[in-house]
Amino acid sequence: MAVCAPVENLYTYSVPGDLRPEIEVGKRVLVPFNNREVIGYIADIGLDDKDIDYSLKDISDILDQKPLFGSNLIPFFRWISDYYLCPIGMVIQSALPGGLNALPFKSGTITDKGLAALDSSSIRPDQRIILEQIKKNPGKRLPPPLYKYYQLEKKGLISIERQEPANKAGPLTWTYVRFKEDHRPDAIINDSSFALKADNESEFLECLGVTEGLPLRDLCSMFSNGNYLAEKWVKKGVLEKYTKEVFRDPAGTIVNPSSPPDVLSDHQETVLSSLKKGMDKGAFATYLLYGVTGSGKTEVYYNAISHVIALGKQAIMLVPEIALTIFTEGLFRSRLGNRVALFHSGLSKGERYDQWMMMLRDEVDLVIGARSALFAPLSRLGLIIVDEEYDSSYKQEESPRYQARDAAVARGKMENAIVVLGSGTPSVQSFHNSEKKHYHIVTMPERVEKRPLPDIKIVDMKSLSELENIDKKKLLSPILKNALMENFEKGKQAILFLNRRGFSRIYLCPACGESVKCPNCDLTLTYHLHARELTCHYCDFKLVPDNRCPSCRHEGMIPYGFGTEKLERELVESVPGARIARFDRDTTRKKGQINRLLKSFGNNELDILVGTQMVTKGYDFPNVTLVGVISADLSLGFPDFRAGERTFQILSQVAGRAGRGVDRGQVIIQTFNPGHYAIESAKKHDYKSFYEHEIQLRELLNYPPFGYLACIRLSGNELGRTQSAAVEVGQEMRRILDGWPKKGKEIQVLGPAEAPLSKLRGKYRWQLLLKSKNSGLLHYFLRRVKDQSVSILKGSGVSIVIDIDPYQML
Ligand code: ADP
Ligand code: ZN
């Protein structure tokens with residue numbers, strides 16, 4: 001039994017006879033745990049009566065009529081729990097659609113037959129006590145264990161009401177609005193006795209008039225005063241409200257469905273035949289599909305999925321962003337029909353519930369989603385695709401802190417499925433795995449129809465005219481500005497990319513482009529405005545900044561960093577008349593916004609899209625012929641050992657958005673570091689040269705894939721306590737390691753250091769970094785640390801988080 005409590009192990013309970021017939025792996029149960037009732041998940045059933053241990057506690061209720069997942073998922077849940085050091089109950093809880101986690105509520109009332117029984121002497125004393133209790137407290141919550149009431153219910157002595165918790169997702173009804181039978185919109189609009197007050201009132205009525213009726217929520221999203229207008233016209237007797245049960249279709253509006261191309265390219269065919277061979281074998285294997293942007297990976301995925309379905313199996317396809325699931329789903333649903341489920345955290349609880357149940361009922365061949373879709377309860381899994389496998393959004397930044405790409409390989413192995421990791425810019429780790437022959441590599445080195453890769457131009461911001469620009473605090477160089485104007489005049493679209501992480505300023509030399517680095521970690525130091533000092537966020541190395549550049553001795557170092565809003569403002573002036581939109585987490589927070597933004601960009605209703613990482617992802621907009629990168633230096637200066645890798649990926653991906661149609665694309669990258677290997681390789685579309693350079697650096701400093709990392713983060717409301725807790729945990733770590741004369745040297749402890757985001761949501765944050773070549777040893781050590789830290793942190797108000805294979809050390 002996996003209980004929903006912060007404990008690592010599975011627990012054993014006995015099953016009272018009444019509940020026996022219903023016991024099944026994957027059902028939720030209610031169990032007593034530490035004097036509370038908690039939800040547990042049945043993970044295993046030991047059937048042997050002879051082995052019954054009478055000291056075991058009883059399960060007090062079974063909550064589900066049908067299992068919520070199959071037993072095939074148990075080993076996978078366990079793996080996640082073990083590898084990422086997260087209690088297994090928590091892993092299962094977070095995998096299941098929300099709304100299933102609230103405790104159900106059961107109450108009882110005594111029946112007439114029950115009352116009669118109380119007056120007779122025909123019932124057992126223990127049952128008499130229960131009946132008396134229920135009689136005294138009609139409709140009150142039944143105290144556990146619940147199974148003991150079921151017998152009484154069966155005999156008709158009591159009735160049990162099952163009250164589902166309020167937020168439980170179930171079938172859904174929506175409120176709709178429509179015109180009453182003999183009312184038409186034009187008549188109303190032209191009738192002067194109705195004064196139409198709100199500006200959009202006639203639009204509202206017209207819009208509703210052309211339909212049979214619309215959901216009120218849709219009206220509200222189309223018209224900000226939708227609710228008001230609906231109420232008003234209902235009162236006037238023109239409109240009416242009604243409710244209708246709906247099946248939640250999370251697809252929303254399908255963006256850009258497309259029919260398959262007539263023929264696949266030779267590269268597509270070759271790759272596909274390797275994948276098919278693997279699928280036909282039916283044994284686990286991982287393929288790294290390295291196909292440049294625009295090489296047509298989506299068609300390969302589609303064909304691979306069709307093949308696995310034809311084999312009678314199912315597929316999961318992971319995409320890095322929720323926005324992309326919409327895009328991808330449109331395509332797949334238009335071709336595969338309705339046996340496609342969608343699963344990601346952007347869906348409402350109810351939608352997630354519906355999709356999950358569809359999968360359980362085996363009504364699904366393909367699940368598309370962001371990382372959480374990896375837990376899809378499919379029983380015939382044959383293929384897992386991880387698109388844009390390098391993407392760091394596959395790492396979940398809350399517990400369980402798993403990496404969905406790595407976990408996909410683990411699940412594939414457990415279920416004998418083929419795993420395809422696709423990318424135009426493979427992660428250093430995956431490429432290294434393919435070199436080590438852990439993964440099969442399959443490549444598509446050309447764009448479809450031999451469309452050229454875009455031309456990449458580097459603007460050296462160090463040149464004098466650009467320097468003047470900096471002084472004027474302008475973000476666009478004249479070259480980029482002119483290119484934008486020209487592109488706009490030709491009626492083409494542009495994407496501008498700015499890696500905004502406002503907090504992080506690097507200390508940059510405008511003469512040579514170098515930023516100051518940590519001598520121990522090769523990490524760019526972050527400039528702290530308040531303290532006026534430079535810090536390394538791995539090892540806490542500190543430096544008082546010098547106005548003079550350490551590499552070229554130029555005097556006049558500058559703190560450097562800015563955001564998308566500023567860029568948007570500058571654009572409005574620089575490209576007059578252009579329709580500009582911003583695409584980042586701020587502007588896409590609301591449901592449906594992403595969809596709308598993508599749609600209007602796709603329909604050419606916008607000329608320039610400004611955005612953060614989100615715009616670099618795999619969208620396909622054929623009319624985009626210009627892509628600008630405002631500053632490659634911001635991602636290079638990121639306090640992360642993957643800064644070089646990320647920069648190469650971002651530049652290549654963002655460049656991949658240009659010229660995907662018939663017209664050739666142009667890319668302009670602004671930087672102070674034109675000579676940096678990541679930028680030079682990106683300019684030449686040369687992954688290999690980037691990889692060779694990068695892998696050497698990694699080896700030199702024992703960074704992944706040569707060593708394993710873990711980040712221990714401490715956070716608390718008080719700076720002093722948080723810091724001293726971090727110091728204590730660090731001391732404890734070193735003490736444990738000192739006690740292991742030989743093995744102890746295999747683990748390196750860095751820090752504690754203040755986290756780059758030293759204060760987040762009111763919490764002070766400190767961190768320690770662990771490095772080791774021995775993953776097993778590191779895990780063993782971390783379990784020790786975790787246990788010890790419980791007593792160190794007790795009562796300190798400081799909490800600890802262990803992040804295995806961390807991606808964000810902010
Ligand atoms: P990638 O994901 O590799 O960057 P996409 O799968 O988005 O590339 O494909 C790029 C474009 O090429 C899409 O517009 C797609 O419809 C088109 N395409 C894919 N395969 C073919 C083909 N065999 N022939 C013609 N066009 C194709
Ligand atoms: Zn350092």
Side-chain angles (χ1 to χ4, degrees), residues 254-276 287-307 317-321 323-336 366 368 385-391 405 420-427 430 441-454 456 493 495 497 598 601-604 614-625 627 648-665 667 682 685 687:
I254 290 176
V255 186
N256 197 19
S258 67
S259 47
D262 300 334
V263 280
L264 293 181
S265 73
D266 291 349
H267 289 300
Q268 284 171 322
E269 287 288 4
T270 318
V271 165
L272 202 55
S273 76
S274 315
L275 299 183
K276 281 183 180 170
Y287 292 82
L288 174 62
L289 167 53
Y290 167 29
V292 296
T293 54
S295 59
K297 293 187 284 295
T298 317
E299 289 304 328
V300 173
Y301 299 150
Y302 166 70
N303 282 283
I305 292 166
S306 305
H307 189 76
M317 173 154 173
L318 302 184
V319 290
E321 284 282 340
L324 275 173
T325 62
I326 299 166
F327 206 80
T328 315
E329 198 217 4
L331 191 144
F332 283 95
R333 202 182 270 251
S334 70
R335 297 191 196 170
L336 294 173
L366 168 65
I368 300 175
I385 293 171
V386 184
D387 190 25
E388 318 276 8
E389 58 80 34
Y390 67 90
D391 198 293
R405 175 203 51 215
V420 177
L421 310 178
S423 175
T425 52
S427 61
S430 293
I441 187 159
V442 285
T443 53
M444 301 200 290
E446 284 169 359
R447 282 190 163 182
V448 288
E449 298 177 328
K450 302 229 163 32
R451 286 171 203 159
L453 285 162
I456 299 188
Q493 290 175 300
I495 293 179
F497 169 68
L598 288 176
F601 195 62
N603 291 341
N604 276 305
M614 289 176 81
V615 301
T616 66
K617 306 293 166 66
Y619 306 108
D620 193 18
F621 294 115
N623 200 33
V624 172
T625 47
V627 168
F648 179 81
Q649 285 160 350
I650 288 172
L651 294 182
S652 311
Q653 290 293 329
V654 84
R657 297 312 114 215
R660 293 171 73 86
V662 188
D663 298 304
R664 179 145 198 197
V667 179
H685 304 288
Y687 177 79

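Just so you know, ligand 1 is whichever comes first in the structure, and atom 1 is the first atom listed for that ligand.
Side-chain atoms of T293 and Q653 include no donor-acceptor pair closer than 3.5 Å.
On a distance-only criterion, S295 and ligand 1 share at least one N/O pair closer than 3.5 Å. Geometrically, ligand 1 and Q268 share a nitrogen or oxygen pair separated by less than 3.5 Å. For a threshold of 3.5 Å applied to N or O pairs, the pair formed by G294 and ligand 1 contains at least one separation below that value. When only interatomic distances are considered, the shortest N/O to N/O separation between T298 and ligand 1 falls below 3.5 Å. Remark: ligand 1 and V263 share an N or O pair separated by less than 3.5 Å (distance only, no angle test).
Heavy-atom proximity to T293, at under 4.0 Å, picks out these atoms of ligand 1: 4 (O). With ligand atoms numbered from 1 in the order given, ligand 1 contributes 19 (C), 20 (N) to contacts under 4.0 Å with heavy atoms of E299. Less than 4.0 angstrom separates some heavy atom of S265 from each of these atoms of ligand 1: 23 (N). Taking every heavy atom of V292 and a limit of under 4.0 angstrom, the matching atoms of ligand 1 come to 3 (O). Residue P261 approaches ligand 1 through these ligand atoms, each under 4.0 Å from one of its heavy atoms: 20 (N), 21 (C), 22 (C), 23 (N), 24 (N), 25 (C).
Residue E449 touches ligand 1 through its side chain alone, judged by heavy-atom distances below 4.0 Å.
Heavy-atom minimum distance, P454 versus H685: O-NE2, 2.9 Å.
A donor-acceptor contact shorter than 3.5 Å is absent between the side chain of Y290 and the backbone of I441. With hydrogens and angles disregarded, a donor-acceptor distance shorter than 3.5 Å links the side chain of S295 to the backbone of V292. Using modelled atom types, no side-chain atom of Q649 and backbone atom of D391 make a donor-acceptor pair closer than 3.5 Å. A donor-acceptor distance shorter than 3.5 angstrom exists from the side chain of Q493 to the backbone of F601, with no hydrogens or angles considered.
The shortest heavy-atom distance from G424 to ligand 1 is not under 4.0 Å.
S306 places none of its side-chain heavy atoms less than 4.5 Å from the side chain of R335. In this structure, the side chains of K276 and L272 come closer than 4.5 Å at one or more pairs of heavy atoms.
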Could you go through E389 and L288, starting from their C-alpha distance and side-chain angles, then the distance that decides it, and tell me whether this counts as side-chain contact (heavy atoms from CB on, under 4.5 Å)? CA-CA 9 Å; E389 58 80 34; L288 174 62; 4.3 Å; yes
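Taking each of L264, V448, D387 in turn, the one with a heavy atom nearest to atom 21 (C) of ligand 1 proves to be V448.
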